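Notes to accompany the following structure.
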Protein chains: 2
Amino acid sequence: MRDEPDFDLKDFLPYLLNLAAEEASLGFQVHYKTRYGMLRTEWRVLFHLGRYGEMTAKEICDRAQLHKTVVSRAVAKLEARRFLRRREMAQDRRAEVLALTDQGHAAYAELRTQAQAYEARLAAPFTAQEAAALRKALKLLAKL
Amino acid sequence: MRDEPDFDLKDFLPYLLNLAAEEASLGFQVHYKTRYGMLRTEWRVLFHLGRYGEMTAKEICDRAQLHKTVVSRAVAKLEARRFLRRREMAQDRRAEVLALTDQGHAAYAELRTQAQAYEARLAAPFTAQEAAALRKALKLLAKL
DNA sequence: CCTTGTTAGTTACATTTTCAACTATTATCG
DNA sequence: CGATAATAGTTGAAAATGTAACTAACAAGG
């Protein structure tokens with residue numbers, strides 16, 4: 001049985017995307033993990049609240065493409081570490097508005113700064129046009 | 001405390017890469033998961049052996065950027081399903097050469113065909129130049 | 001109102017992944 | 001040679017993730 005030669009794993013997009021994503025995640029992980037003991041899902045929640053302001057867990061789920069159980073646990077952990085507070089909504093007592101505490105804002109500010117620096121490092125090998133094209137392609141693939 | 005406005009999560013490369021990678025993985029997962037009950041790590045091992053021929057677990061670790069425990073478990077599962085055989089190396093009795101069985105080759109051939117079809121679907125929205133640029137950028141980011 | 005259906009969020013359980021420790025074998029160097 | 005280090009691979013426990021079932025509150029139609 002002869003295997004077709006014209007298929008290289010190294011050009012297979014899902015594979016390449018995974019490798020690139022893992023490598024990129026790893027480099028940034030250092031900051032939120034070693035400094036704050038956070039998980040990827042936790043900083044995503046933190047970033048959403050820090051960048052886009054108060055919102056409910058449901059809104060985070062929709063915007064961040066995270067499952068509600070993930071968000072539920074991330075919120076619980078961030079709350080335990082005093083990075084956010086919950087406020088019950090008067091109109092709908094099922095939902096809670098989540099808001100960063102001062103400590104949460106401080107952590108966000110620090111991580112955002114490092115994120116920007118890391119982003120710059122990642123984008124350094126590309127021209128502005130190349131980086132823009134890359135982001136556009138990734139957004140398309142991510143169905144954003 | 002005013003948050004800097006010039007940072008958008010939606011343009012942060014690690015975030016975009018993760019979303020795109022998850023989306024791309026999900027679409028292909030259907031094939032190896034529903035048809036063969038495989039995990040992502042298992043088809044990676046299968047693909048490496050199918051595409052590049054016999055090799056040891058160590059070589060797969062290095063080439064596929066997978067941890068040895070992951071490979072060890074994937075190999076055990078693929079062996080249990082008769083997709084591969086182990087052969088002890090005479091020169092070094094610690095290592096084992098892994099080779100696909102006929103069944104393994106058949107599974108590889110089918111999955112490879114579907115991978116090619118899926119790849120074509122993913123690349124469809126791009127011109128040949130765009131797709132090439134994307135792959136090149138991803139390889140750079142993945143440090144390949 | 002009151003049954004039925006939907007939604008926000010949590011909890012429990014199974015599956016995966018990760019990390020550290022372990023065995024067996026080979027390599028190195030005094 | 002013989003002790004020590006390094007390497008291939010496995011195993012067990014802990015952490016994380018995904019799936020499904022659950023609670024509590026709201027919505028809507030009879």
Side-chain angles (χ1 to χ4, degrees), chain A residues 18-19 21-23 25-26 29-30 32-34 36-46 48-49 54-81 84-99, chain B residues 18-19 21-23 25-30 32-34 36-46 48-49 54-81 84-99:
Chain A
N18 262 294
L19 291 187
E22 265 162 43
E23 186 60 40
S25 286
L26 214 67
Q29 201 183 24
V30 180
Y32 59 80
K33 196 170 190 178
T34 65
Y36 290 106
M38 279 187 201
L39 297 177
R40 198 162 50 96
T41 53
E42 286 157 33
W43 81 254
R44 276 204 198 171
V45 168
L46 185 85
H48 272 268
L49 291 172
E54 311 192 345
M55 62 180 88
T56 67
K58 178 65 165 64
E59 287 178 271
I60 295 178
C61 292
D62 296 341
R63 300 188 62 146
Q65 317 222 228
L66 291 171
H67 196 265
K68 59 182 181 170
T69 61
V70 167
V71 171
S72 173
R73 290 195 259 247
V75 166
K77 219 162 173 183
L78 289 172
E79 187 188 28
R81 290 178 190 171
L84 64 77
R85 267 190 318 271
R86 305 171 195 241
R87 186 158 31 81
E88 214 181 48
M89 273 175 62
Q91 319 93 289
D92 185 344
R93 293 195 347 266
R94 288 171 304 183
E96 302 165 309
V97 178
L98 307 170
Chain B
N18 261 295
L19 290 187
E22 265 164 41
E23 187 60 40
S25 285
L26 213 67
F28 185 57
Q29 199 184 23
V30 180
Y32 59 80
K33 195 169 191 180
T34 66
Y36 290 106
M38 279 187 200
L39 298 176
R40 197 163 50 98
T41 52
E42 285 157 34
W43 82 253
R44 275 206 199 170
V45 169
L46 186 85
H48 272 267
L49 292 172
E54 312 191 343
M55 63 181 88
T56 66
K58 178 64 165 65
E59 287 178 89
I60 295 178
C61 291
D62 296 342
R63 300 188 62 146
Q65 317 222 225
L66 292 170
H67 196 266
K68 61 183 182 172
T69 62
V70 167
V71 170
S72 173
R73 282 173 173 130
V75 166
K77 218 163 174 182
L78 290 172
E79 186 188 29
R81 289 177 191 172
L84 64 76
R85 268 190 319 271
R86 305 170 193 240
R87 187 157 33 80
E88 211 181 49
M89 273 175 62
Q91 319 94 287
D92 185 344
R93 296 200 339 270
R94 289 171 302 183
E96 302 165 309
V97 177
L98 307 169

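By convention in this document, chain letters (A, B, ...) are assigned in the order of the sequence lines, proteins followed by strands, and residues within each chain are numbered from 1. Because the structure is predicted, anything quoted here is derived from the model rather than measured. No hydrogens, no waters, no symmetry mates; every other heavy atom, side chains included, goes into these values.
- For L66(B) and dT17(C), the CG to P distance is 10 Å, given to the nearest whole Å.
- If you take CG of L98(B) and P of dG9(D), they are 7 Å apart, rounded to a whole angstrom.
- Within the 4.0 angstrom heavy-atom criterion, only backbone atoms of the sugar-phosphate kind lie near K58(B); the bases stay farther away.
- A sub-4.0 Å separation between OP1 or OP2 of dT10(C) and a side-chain N or O of S72(A) is present.
- Rounded to an integer number of Å, the gap from M89(B) CE to dA24(C) P is 20 Å.
- In this structure, of dT18(C), dA20(D), dG9(C), it is dT18(C) that holds the atom nearest to the side chain of V70(B).
- Between E96(B) and K33(A), the one whose closest nucleotide on DNA chain D sits nearer the 5' end is E96(B).
- Residue R93(A) places at least one side-chain N or O closer than 4.0 Å to OP1 or OP2 of dC26(D).
- Judged by distance alone, with hydrogens and angles left aside, R73(B) brings no side-chain donor or acceptor close enough to the base of dG9(D) to form a pair under 3.5 Å.
- Minimum atom distance to the side chain of R86(B) is reached by dG9(D), of the listed dA16(D), dG9(D), dG9(C).
- A donor-acceptor pair under 3.5 Å links the side-chain atoms of T34(A) to the main chain of V30(A), judged by distance alone.
- Between the base of dT10(C) and the side chain of R94(A) there is no donor-acceptor pair shorter than 3.5 Å.
- When the P atom of dT15(C) is taken as reference, atom CE of M38(B) falls 19 Å away, rounded to whole Å.
- With rounding to whole Å, I60(B) atom CD1 is found 12 Å from dG9(D) atom C1'.
- Map A90(B) and V75(A) each onto its nearest nucleotide of DNA chain C; the residue landing nearer the 5' end is V75(A).
- Considering all non-hydrogen atoms of both residues, E54(A) and A99(A) come closest at OE2-CB, 3.4 Å.
- Distance NZ (K68(B)) to C1' (dT23(C)): 11 Å, rounded to an integer number of Å.
- Among the protein residues, H67(A) comes within range of the nucleic acid bases, having at least one heavy atom under 4.0 Å from a base atom.
- Proximity of the aromatic rings of W43(B) and Y36(B) is defined here by a centroid distance below 6.0 angstrom, and this criterion is not met.
- Checking side-chain atoms of R81(A) against main-chain N and O of G37(A) turns up a donor-acceptor pair under 3.5 Å.
- The CG-C1' distance, from L39(A) to dT18(C), rounds to 12 Å in whole Å.
- R87(A) places its CZ atom 13 Å from the P atom of dG9(C), with the value rounded to the nearest Å.
- Across all strands shown, R40(A) has no heavy atoms under 4.0 Å from either base or sugar-phosphate atoms.
- Atom CD of E88(B) and atom CZ of R93(B) lie 6.5 Å apart (nearest 0.5 Å).
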